[in-house]
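Start at 1 with the first residue, then count along the sequence.
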Amino acid sequence: MTIGERIKLERKATKLTQAQLAELCGFSAITIRQYEGNKRQPRIEQLRTIAEALNVPVSYLLEDIPADTATENKHIGQLESAFFKLNDEGQRIAVQRVEELTYVPKYQQSQEDGAEPPAPDGEAEALSSENGSAE
């Protein structure tokens, strides 16, 4: 998938028109059309601006991955984009919160063997007491 194809995929996923994306980026609509049509290649500065408008990291726009896995990777890209806006303490807390979500059945992927992921030391008790359940 080309950079232009990825920009177009993400623009459509966020339900933006070319004109709307152009306005968010401070570009003309023709520029976005040319990028998406692979008539022009954006410089890194333009890629940063587009990535920010689409809420994905620049690296996501540059990745060479099949289109059918793009949606899965977009979530990772969104996490990465938000994560790197945080300071060190914020990043540490973000990791803890994501790890906590892995213990909430509603958010778990089904596991074939039925086993739950192991809780880090002392966190299982804290999580179960926060969720109001007793082990």
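Residues Thr31 and Ser28 are in side-chain contact: their nearest non-hydrogen atoms beyond the backbone lie under 4.5 Å apart. At a threshold of 4.5 Å between non-hydrogen side-chain atoms, the residues Ile32 and Phe27 count as touching. Looking at Leu16 and Leu24, their side chains come closer than 4.5 Å, going by heavy atoms from C-beta outward.
Nearest heavy-atom pair across Ala19 and Ala29 is CA-CB, 4.1 Å. Nearest heavy-atom pair, Pro57 versus Ala51, reported as atom, atom and distance to 0.1 Å: C-CB, 3.9 Å. Residues Leu54 and Glu10 approach most closely at CD1-CB, 3.7 Å, considering heavy atoms. Nearest heavy-atom pair across Ile7 and Leu21 is CG2-CD2, 4.1 Å.
Using a 4.5 Å cut-off between side-chain heavy atoms of Ile, Leu, Val, Met, Phe, Trp and Tyr, with links allowed through other members, Val98 and Leu86 fall into different hydrophobic clusters. Cluster membership check: Tyr103 does not share its hydrophobic cluster with Ile93, using side-chain heavy-atom separations under 4.5 Å among Ile, Leu, Val, Met, Phe, Trp and Tyr.
Arg11 CZ to Ile50 CD1: the interatomic distance, rounded to the nearest 0.5 Å, is 11.0 Å. To the nearest 0.5 Å, atoms CG (Leu61) and CG (Leu47) are separated by 6.0 Å. For the atom pair OH of Tyr107 and OG1 of Thr102, the computed distance is 12.5 Å after rounding to the nearest 0.5 Å. Annotation: the span from Glu52 atom CD to Lys85 atom NZ amounts to 6.0 Å, rounded to 0.5 Å. Annotation: the span from Asn38 atom CG to Lys8 atom NZ amounts to 10.0 Å, rounded to 0.5 Å. Distance CD/Gln18 to CD1/Ile30: 8.5 Å, rounded to 0.5 Å.
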request  = Given salt bridge (charged side-chain N to carboxylate O under 4.0 Å, His left out), test Arg97 with Glu100 step by step and report yes or no.
outcome  = CA-CA 5 Å; Arg97 296 297 175 242; Glu100 288 171 2; 2.8 Å; yes
task = Please step through side-chain contact (heavy atoms from CB on, under 4.5 Å) for the pair Gln20 and Glu23, ending with a clear verdict.
result = CA-CA 5 Å; Gln20 289 168 325; Glu23 185 175 334; 5.7 Å; no
CA sep, side-chain torsions, deciding dist, call: Met1, Leu9, side-chain contact (heavy atoms from CB on, under 4.5 Å) = CA-CA 10 Å; Met1 181 178 287; Leu9 178 76; 4.1 Å; yes
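Under a cut-off of 6.0 angstrom, the local environment of CG in Asp88 is sparse, with at most 12 non-hydrogen atoms contributed by other residues, nucleotides or ligands.
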Identify all side-chain donor-acceptor contacts of residues 39-46 below 3.5 Å with residues at least two apart in sequence or on another chain.
residue	atom	partner	partner atom	Å
Arg40	NH1	Gln34	OE1	3.1
Gln46	OE1	Arg43	N	3.1

